[in-house]
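One structure is given here, and the rest of the page talks about it.
Lettering of chains follows the sequences in order, A, B, ..., and the numbering in each one begins at 1.
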Amino acid sequence: MKKPQLPDKRGYFGEFGGKFVPETLICALEELECAYREAKKDKRFKKKLKGYLSEYAGRPTPLYFARNLSQFLGMNIYLKREDLLHTGAHKINNTLGQILLAKFMGKRRIIAETGAGQHGVAVATVATLFGLKCDIYMGAEDIDRQKMNVFRMQVLGARVIPVESGTKTLKDACSEAIRDWVTNVRGTYYLLGSTVGPHPYPLIVRDFQSVIGREAKRQILKMEGKLPDYLVACVGGGSNSLGLFYPFFKQTEVKFIGVEAGGYGLGDYNAASLSCGGIGVLHGAKSYLLQDNGGQIKNTHSIAAGLDYPGVGPEHAFYKSSGRAQYVVVKDKQALEGFKLLSKLEGIIPALEPAHAIYYLKKLAKKAKGLLVVVCLSGRGDKDLNIIQKYK
Amino acid sequence: MRIEEKFKQLKKEGKKAFIAYIPFGFPKIGYTKDIILALQASGVDMIELGVPFSDPLADGPIIQKAASLALKQGADIEKLFITLEGIKKSLKIPLVIMTYYNPLFKFGIEKFFTKMQAVEVSGIIVVDLPHDESRNYIEKTRKFDLETVFFITPTTSKSRQEKIVKISQGFIYYISVTGITGPKSFTFTPLTSYVKDLKKITELPICVGFGVHTPLQVEKIRSFSDGVIVGSGIVEFIGKHFRQKNFLNKLKTYVNFLNGREYA
Ligand SMILES: Cc1ncc(COP(=O)(O)O)c(C=O)c1O
């Protein structure tokens, strides 16, 4: 497959993406796009980011051969250990990149949305590191579910603003952050947490997360002397998966599998936008989303708060329609099984989000013996322990 | 009636427009028809009818709540057009549909426009469809002879203003402040000059909205623009009073008050 320019100048990945936002935000998006283009060319920016990623966040992360799991399933499984990063998930790759961008642009206030609180913690962390004021929007329901992360953000000096509108979860936190940005657009930087939203966010977040795939490629070539057969990652908004996939885009022999949250099941509440949704526009981009016949956004459910979102990044919509990636669904109960499997066999407690990807390996193992697979272990499971206890 | 025609008429009479925004289906689907006719009777020059959406990015709490209530009542696009069909004959002022892109996209753009034409609605505003994404949409609206209203805001650059003015019809919706809908107090100093500057590049009427909720604001805005749009103020009034006796008369009195007619 020839690598097209992804996205194009208008922010489109094929027919997906774009900038479907109120007029007030257009100038802010244009400013961001310009600043990002400049920062990308700036050697000092690159060097600074690299420094923080290695010395502050802990990059490169290991690519770990999971011997016990591999033996158990009859394939060769490597885990890309994003769970070992500072703050416990891949989110910090993006927040470090964007906070430097915000500084570069001279912004003084950071706002962000968060679902599970992982992105919120990663934002609060870098905001305090760089001495910027930080307001985090979080659905009232999620605040209840993820108390520990709320407390972490507060310890880090961020203000956590409860969102009482709509379903009181991630999508509403995202809407509320956008409303704040519409109002305070001149001095505020909106630090979006996944490969969603209007152009240029899907591009920026994917670029900052691509460090995952670049490292993994180097590492697997060194360790195995060849490229993997499959890359597997969970898909919420799509940032850890695109971070892993994108650097392999041209190597079509490497197959991509995105694992979506099946929640209670396909006929019930879930968060599998690509597998169960239709094309539409949410939060500024055209992509797949879970909606009813009237174009109203549906309620979602996933045991993993970080996957509990009715939309998905436009680049994934493009990968789906072009056949570059395949998308599968793993339900709550199966994710719990994946969670236990990795904890017991490898002594690694995964977050519930990547536990979806781990479970899918069981299914993949049935396709052929001895496959070489790289899985993105996007975060560690400490944040989910109280949820796990409930399911015992 | 076409928007263009209305503004010609107002100009002849030396008047400025008063435009009222209400969400369809709020507080109940059956109310919309009566509210529109009451607004018309109280001398409102134009109605903006909002299509309720689950995730209204540009709206503050008042309109968010109204939209979510309307959705609970089942206020969908089919019912919107049934309502509009029912008042087609009695409606003497222009009506503009204001929607977010997704309900329109999902319903089918051509199908939506066909229905608009059938119920004689003249104009449309799509909140989250900026100039950059509008090419296909503009082509289709022209085919159905619909007037396309676009926003210009204090953050819109000069070069964008020029592009937006070219695809705008009926009037320009000038957003008073950077922000979402909902009552606000604002200063008129930069606003007045922004509107004056915009007048230099367009003949189209310029109406100002977002945050307007007092008679004084209405009067001031009309002194330097071609019209004023009031949304949340009216929506809040409806929410508070619809259960009361003589609700429609109270609404008329309130609109007259905003419109500076209480002394007339
Ligand atoms: C550990 C972890 N993995 C995955 C995700 C899902 O996001 P994305 O699809 O953008 O990687 C989240 C989101 O909060 C997360 O915390």
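- B:Leu95 has its side chain out of reach of B:Ser122: every pair of non-hydrogen atoms, C-beta onward, lies at least 4.5 Å apart.
- Counting heavy-atom pairs under 4.5 Å between each of A:Ile178, A:Ile26, A:Thr167 and chain B puts A:Ile26 at the top.
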Next on the checklist: Quick one, B:Glu133 with A:Lys19, criterion salt bridge (charged side-chain N to carboxylate O under 4.0 Å, His left out). Give me CA distance, side-chain angles, the key distance, then yes/no.
Outcome noted: CA-CA 7 Å; B:Glu133 302 291 346; A:Lys19 286 189 217 181; over 6 Å; no

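- Of the atoms belonging to B:Thr178, heavy atoms from both backbone and side chain fall under 4.5 Å from chain A.
- With a 4.5 Å cut-off on non-hydrogen atoms, A:Lys286 touches chain B through its side chain but not through its backbone.
- The aromatic rings of B:Phe7 and B:Phe171 sit tilted relative to each other, their planes meeting at an angle between 30° and 60°.
- Ranked by non-hydrogen atom pairs under 4.5 Å with chain B, the options A:Pro198, A:Gly284, A:Ser175 are led by A:Ser175.
- For B:Phe151, the parts lying near chain A are the backbone and the side chain together; criterion is any non-hydrogen pair under 4.5 Å.
- With a 4.5 Å cut-off on non-hydrogen atoms, B:Thr156 touches chain A through its backbone and its side chain both.
- Two residues are said to be in side-chain contact when any heavy atoms from C-beta on lie closer than 4.5 Å; B:Ile238 and B:Pro27 meet this criterion.
- Between A:Arg10 and B:Asp132 there is no salt bridge, since none of the side-chain N atoms of the basic residue sits less than 4.0 Å from a carboxylate O of the acidic one.
- Ranked by heavy-atom pairs shorter than 4.5 Å toward chain A, the options B:Val51, B:Asp59, B:Asp76, B:Ile152 are led by B:Asp59.
- A distance-only check finds a donor-acceptor pair linking the side chain of A:Glu260 to the backbone of A:Ser275 [under 3.5 Å].
- In terms of non-hydrogen atom pairs under 4.5 Å with chain A, the most contact-rich of B:Phe53, B:Tyr100, B:Phe150 is B:Phe53.
- For B:Leu104, no part lies under 4.5 angstrom from a heavy atom of chain A.
- Residue with the most contacts toward chain B among A:Thr183, A:Leu282, A:Ile279: A:Thr183 (heavy-atom pairs, distance under 4.5 Å).
- For B:Pro61, no part lies near chain A; criterion is any non-hydrogen pair under 4.5 Å.
- Looking at A:Asp172, only its side chain comes within 4.5 Å of chain B, counting heavy atoms on both sides.
- B:Phe144 does not carry B:Lys140 over the face of its six-membered ring by the limits of under 6.0 Å from the centre and within 45° of the normal.
- Of the atoms belonging to A:Leu289, it is side-chain heavy atoms, and not backbone ones, that fall under 4.5 Å from chain B.
- Salt-bridge formation is not detected for the pair A:Glu164/B:Lys65: no Lys NZ or Arg NE/NH1/NH2 atom is positioned less than 4.0 Å from an Asp or Glu carboxylate oxygen.
- No cation-pi contact links B:Lys143 to B:Phe113, judged by a cut-off of 6.0 Å to the six-membered ring centre and 45° from its axis.
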